[in-house]
Amino acid sequence: AGTPVDGRRVVAESIADAGGVKVAFEALLEWGREATLQEPSSAERRGFFLAYAQLWCEKDTPQHRRFMAGADKHAPKALRVNTVLAAFPPFAAAFSCPPAAPLNPSHRCHLW
């Protein structure tokens with residue numbers, strides 16, 4: 001039902017998004033260990049992922065989505081959130097996503 005996206009055009013930026021989330025999450029964990037001498041709480045972990053999702057929150061028109069699908073080297077905002085987080089196991093753990101849920105797939109692409 002959505003606008004098709006050419007994966008070849010967006011792959012580099014999608015990999016960068018996934019790497020950025022991983023590095024930023026590792027920084028959160030390191031901050032927790034240094035600042036509080038313990039791992040960040042579940043609420044802090046969920047807050048991290050909510051902040052990432054809100055970063056890409058937008059309201060646009062179908063016409064704008066079609067234009068951007070042909071012009072932008074980035075995936076649409078919703079995909080930048082959902083595909084990155086679905087591939088990142090700490091997200092599913094933070095929100096207790098059941099196995100095989102859309103944001104906790106049984107098969108993930110592991111980049112690093």
Side-chain angles (χ1 to χ4, degrees):
T3 303
V5 176
D6 181 354
R8 294 169 297 193
R9 185 164 5 102
V10 302
V11 67
E13 292 296 329
S14 297
I15 291 170
D17 286 345
V21 165
K22 182 176 181 177
V23 168
F25 188 75
E26 289 172 357
L28 172 70
L29 297 178
E30 184 65 25
W31 165 83
R33 289 183 208 112
E34 289 181 8
T36 65
L37 303 178
Q38 59 188 351
E39 294 285 320
S41 70
S42 295
E44 289 166 331
R45 291 169 189 243
R46 288 190 302 272
F48 170 86
F49 294 118
L50 289 172
Y52 174 72
Q54 287 180 332
L55 172 70
W56 301 116
C57 193
E58 72 175 356
K59 181 162 177 65
D60 61 1
T61 64
Q63 296 83 3
H64 182 255
R65 282 191 295 276
R66 283 193 298 276
F67 171 77
M68 292 305 289
D72 197 356
K73 63 182 178 180
H74 298 91
K77 307 296 190 267
L79 290 178
R80 290 184 81 172
V81 173
N82 292 341
T83 56
V84 167
L85 296 182
F88 195 53
F91 170 81
F95 286 94
S96 302
C97 297
L103 289 173
N104 188 17
S106 54
H107 293 73
R108 289 184 171 93
C109 176
H110 181 73
L111 298 173
W112 300 279

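Reckoned from all heavy atoms, side chains included, excluding hydrogens, waters and symmetry mates. Quick note: residue numbers are just sequence positions, from 1.
Proximity of Arg33 to Glu39: side-chain heavy atoms (C-beta onward) are separated by under 4.5 Å at one or more points. With a 4.5 Å cut-off on side-chain heavy atoms, Leu29 and Pro40 count as touching. Counting only heavy atoms from C-beta outward, the side chains of Leu50 and Phe95 approach each other to under 4.5 Å. Taking 4.5 Å as the limit, some side-chain heavy atom of Tyr52 sits within range of a side-chain heavy atom of Asp17.
Among residues at least two apart or in separate chains, there is no ring-ring contact (aromatic ring centres under 6.0 Å, His included) pair with a member in residues 65-85. Listed by first and then second residue, the salt bridge (charged side-chain N to carboxylate O under 4.0 Å, His left out) pairs that reach into residues 60-72 are Asp60-Arg65, sequence neighbours excluded. Judged as a ring-ring contact (aromatic ring centres under 6.0 Å, His included), the pairs with a partner in residues 3-25 (not counting sequence neighbours) are, in order, Phe25-Phe48, Phe25-Phe49, Phe25-Phe88.
Residues satisfying the side chain to side chain contact (heavy atoms under 4.5 Å, CB included) criterion with Ala86, sequence neighbours excluded, are Leu103, Pro105. Considering only residues two or more places apart in sequence or on other chains, Ala53 meets the side chain to side chain contact (heavy atoms under 4.5 Å, CB included) condition with Val81. Scored by the side chain to side chain contact (heavy atoms under 4.5 Å, CB included) test, Pro76 finds Val5, Leu79 as partners (sequence neighbours excluded).
Linking ILVMFWY residues whenever their side-chain heavy atoms come closer than 4.5 Å, directly or via other members, places Phe91 and Leu55 in the same cluster.
Once rounded to the nearest 0.5 Å, the distance linking OG of Ser14 with CZ of Arg80 reads 7.5 Å. Note that CD of Glu58 is 8.0 Å distant from CE of Met68, once rounded to the nearest 0.5 Å. For the atom pair Arg46 CZ and Ser96 OG, the distance stands at 7.5 Å (nearest 0.5 Å).
Judged by distance alone, the side chain of Glu44 and the main-chain N or O of Ser41 form a donor-acceptor pair under 3.5 Å. Asn104 places no side-chain N or O within 3.5 Å of a backbone atom of Ala92 that could act as its donor or acceptor partner.
Heavy-atom minimum distance, Ala87 versus Arg108: O-CD, 3.5 Å. Between Pro4 and Ala69 the shortest heavy-atom distance is O-CB, 3.7 Å.
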